[in-house]
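Since we're looking at a predicted model, the values are computed, not measured. In what follows, every chain begins at residue 1, and chains take the letters A, B, ... in the order their sequences are listed.
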There are 2 protein chains.
Amino acid sequence: MQDNREPAVTISSIASAAGVSVPTVSRVLNGRSDVAPATRERVETLLREYGYRRRGSAQAAPAGLVDLVFNDLDSPWAVEIIRGVEEALNAEGLSVVVSAIHRRGSADSTRKWLDTLSARASDGAILVTTDLDSFLHAELQRLHLPVVVIDPAGVPDLDVPTIGATNWTGAVNATEYLIQQNHRRIGFVAGRPGIWCSRARLDGYRAGLEAAGIAVDPELVHGGDFDYASGFDAGRALLALHDRPTAIFAASDQMALGVYEAARQQGLRIPDDLSVIGFDDLPEAGWASPPLTTIRQPLSGMGTLAARTLVRLIHGETVESPRVELSTRLVRRSSVQALGPQDRFPA
Amino acid sequence: MQDNREPAVTISSIASAAGVSVPTVSRVLNGRSDVAPATRERVETLLREYGYRRRGSAQAAPAGLVDLVFNDLDSPWAVEIIRGVEEALNAEGLSVVVSAIHRRGSADSTRKWLDTLSARASDGAILVTTDLDSFLHAELQRLHLPVVVIDPAGVPDLDVPTIGATNWTGAVNATEYLIQQNHRRIGFVAGRPGIWCSRARLDGYRAGLEAAGIAVDPELVHGGDFDYASGFDAGRALLALHDRPTAIFAASDQMALGVYEAARQQGLRIPDDLSVIGFDDLPEAGWASPPLTTIRQPLSGMGTLAARTLVRLIHGETVESPRVELSTRLVRRSSVQALGPQDRFPA
DNA sequence: CTGAAAGCGCTTACAG
DNA sequence: CTGAAAGCGCTTACAG
């Protein structure tokens, strides 16, 4: 995998490559104004190409810092991951720098982020749900910065370790469980499109139905993007169907809570009139009323594993299995009720 | 307030203070084994006393790092603060190191944390809900590290800026609102004891009742510690009362959700049979079913303000008002219903 | 176990 | 705008 034992790039190697003196490079590095624009440009390019990293004095003196990068910091999701990463890294004597990629997609902001990363001499980075495109990947390589991705957006390069959960299997289990409880019309609220795990959950739902010989009704599959509002909208649409579902499987807990509210507004009670199952098992799932049955994915465990994997890369070790999926499991609480028998023979 | 412009403590000043050579101090600093125990001890003490901070080369070269410290990273609370801090600091080109004080209270772990802080040359620290005791305060002063505290546990030293919310006023407002809706028997679930804001909320509840000429019934005040389980327990106890409350004001949203579940388990519907109001306005409040009416405290705004205040201290500026309380406000959603008129004249 | 010496990576006046 | 020189804070062989 990555290798961090290359000869260090120093200010003086940059200087000779650029054909200028060491002080000049130093000036560029420190944003002094008294440098000819052409010189500055040339030096900056070289700095970038060589992947120069500020280094205190003589020997590297590791910063003991790892970057944990989210697209946005607006989900309860994030704390779980942060907690797992922080615990594992703290045990290794490392600290976690948490950041969100602001104005996502802007090449400029990515550039700026990379510069900061480089300036502070981070030992490695954990990217969450990030689309590690080839540009970003190349830049990180250049910085000799080990990387681990949690829940990659697309299928990442093979030499970048990724940590995920058994999304497909978890979704199959959720669907099977509802079928066991005699549900046949099972609605599905999908996750944010474009992220790998969303697709896996949708496929698992379909596979679960088909394994039980139930045809997939496209009407019962509704788009979403993981958050509450999209769950509410999807729930409303699904419950407005002529032949409405008796159970809804939402690809995230937040969307499941949106379904709760859509049901409540239509006077439907959970689990009596509608069964709901979520995905994630955020603490919030246990706080719902009634407590939400869901598929647990070990988010903080994923964080811990990502951290441990990264530490190995930092130490120059290789990682034998670059893609790991931690297992999910069904957590039964009170939002699913068996259909049929009860209906026919009420107590 | 704090001053950061003191002459830098260098390895050589420590060396002469200790009566040893520079290389020896360097060895202690790097944990080399070949140093006499007595010498090591003496040097370490001096290092501490002088508040030595590793510094790359010649000039300080600010690390651009700020520490954000929680007691625990297990609450949805935390993300809100992190988000606010991260945004404000990112705008200043600074990064956020997030950590939890593990094994709280252990002097040893505090020591270790301070060492890390010092080693990485953090520019400042934001402590959340921390009891900044005089020991910690003195140590941070020694490191010349500016500090801001969010929601201080106790009453902190006057020269440490603190950021909070108008907890007392918010609680008065919540209580007044319930009274306006004709509630008279209003239960209260208190926050974690020992934290300043818990006390303010309890006092606000009492003041709100008394202002309306309602006597405070001690039976209606129940202990809690901010989390879901304690809210559930308190809700259960309150609803089991002979003359049970028609409304419950919980000092946190998480506890309010616990009250929801306690009500549901007793077959009580919200808001029809019981009105509930929370405190915080976490995203979770909006996801409850029915959506929770609550007192909003601007958590991410508190994070932002703490960050900005810290940046000023880092720049050596003074802060004119060391204790700021951001205002809270009532967010009306669907968990409170007026009592009385409706009951007498149903639609 | 310790210090004198050499050296490293970098920066800052100082000339030009 | 740029480089030669001096210097800073630190570390690492090298002696003893």
Side-chain angles (χ1 to χ4, degrees), chain A residues 4-64 115 118-123 143-144, chain B residues 4-64 115 118-123 143-144:
Chain A
N4 294 77
R5 306 174 173 299
E6 329 218 337
V9 180
T10 66
I11 212 182
S12 93
S13 61
I14 301 286
S16 62
V20 296
S21 71
V22 165
T24 302
V25 177
S26 169
R27 280 187 270 256
V28 170
L29 227 32
N30 293 291
R32 288 283 129 73
S33 56
D34 53 353
V35 180
T39 313
R40 149 163 288 130
E41 182 113 0
R42 190 151 34 96
V43 171
E44 270 173 349
T45 309
L46 258 356
L47 245 17
R48 220 159 265 173
E49 267 176 21
Y50 280 64
Y52 172 78
R53 303 180 61 182
R54 248 198 181 78
R55 157 186 7 265
S57 53
Q59 233 51 25
D115 286 348
S118 158
R120 89 162 77 90
S122 197
D123 293 339
L143 291 174
H144 308 301
Chain B
N4 294 78
R5 305 173 172 301
E6 327 218 338
V9 180
T10 67
I11 212 180
S12 91
S13 61
I14 300 286
S16 62
V20 297
S21 71
V22 165
T24 301
V25 177
S26 170
R27 279 186 273 258
V28 170
L29 228 30
N30 293 291
R32 287 283 130 72
S33 57
D34 52 352
V35 180
T39 312
R40 150 163 288 130
E41 181 113 0
R42 190 150 35 94
V43 171
E44 271 174 348
T45 309
L46 258 356
L47 246 16
R48 220 159 266 171
E49 268 177 20
Y50 279 63
Y52 172 78
R53 303 180 61 183
R54 248 198 182 78
R55 154 187 11 260
S57 53
Q59 233 51 24
D115 286 347
S118 157
R120 90 161 76 88
S122 198
D123 292 340
L143 291 173
H144 307 300

**Q** Rounded to the nearest angstrom, tell me the gap between atom CD1 in A:Ile14 and atom P in C:dT11.
**A** 13 Å

**Q** Under the 3.5 angstrom rule, does the side chain of A:Thr45 hit a backbone N or O of A:Glu41 as a donor-acceptor pair?
**A**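 Yes; at least one donor-acceptor contact below 3.5 Å.
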
**Q** Would you kindly give the CG-to-P distance between A:Asp34 and D:dG3, to the nearest whole Å?
**A**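 Rounded to the whole Å, the gap is 12 Å.
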
**Q** Do A:Thr39 and A:Arg42 have side-chain heavy atoms sitting under 4.5 Å apart?
**A**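 A:Thr39 vs A:Arg42: side chains touch.
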
**Q** Between B:Arg27 (CZ) and D:dC10 (C1'), how many Å, whole number?
**A** 12 Å

**Q** Verify the contact: side-chain N or O of B:Thr39 to OP1 or OP2 of C:dC1, cut-off strictly under 4.0 Å; return yes or no.
**A** no

**Q** Looking at OG1 of A:Thr10 and OH of A:Tyr50, how far apart are the two atoms once the value is rounded to the nearest 0.5 Å?
**A** 10.0 Å

**Q** Side chain of B:Ser21: nearest nucleotide among C:dG3, D:dT11, D:dG3?
**A** C:dG3

**Q** A:Val22 or B:Arg40: which one's nearest nucleotide on DNA chain C is closer to the 5' end?
**A**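 The answer here is B:Arg40.
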
**Q** To the nearest Å, how far apart are A:Arg42 CZ and D:dT2 P?
**A**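 It is 8 Å, rounded to the nearest whole Å.
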
**Q** D:dC10 P sits how many Å from B:Ile11 CD1, rounded?
**A**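 Rounded to the whole Å, the gap is 5 Å.
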
**Q** Does D:dG16 have a Watson-Crick or wobble mate here (both distances under 3.5 Å), and if so which one?
**A**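 The base-pairing partner of D:dG16, which may sit in any strand shown, is C:dC1.
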
**Q** OP1 or OP2 of C:dG3 versus the side-chain N and O atoms of B:Thr24: is any pair under 4.0 Å?
**A**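 So the side-chain polar atoms of B:Thr24 do come within 4.0 Å of the phosphate oxygens OP1 or OP2 of C:dG3, strictly under.
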
**Q** What does B:Val25 touch in the nucleic acid at a heavy-atom separation under 4.0 angstrom: a base, only the sugar-phosphate, or nothing?
**A**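 No contact at all - B:Val25 keeps every heavy atom at 4.0 Å or more from the nucleic acid.
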
**Q** Please round to the nearest 0.5 Å and tell me the distance separating atom CD1 of B:Ile14 and atom OG1 of B:Thr24.
**A**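 B:Ile14 CD1 to B:Thr24 OG1: 13.0 Å, rounded to 0.5 Å.
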
**Q** Which nucleotide in the set D:dG3, D:dG9, D:dC1 lies at the smallest distance from any side-chain heavy atom of A:Val20?
**A**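 Nearest to the side-chain atoms of A:Val20, counting from C-beta on, is D:dG3.
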
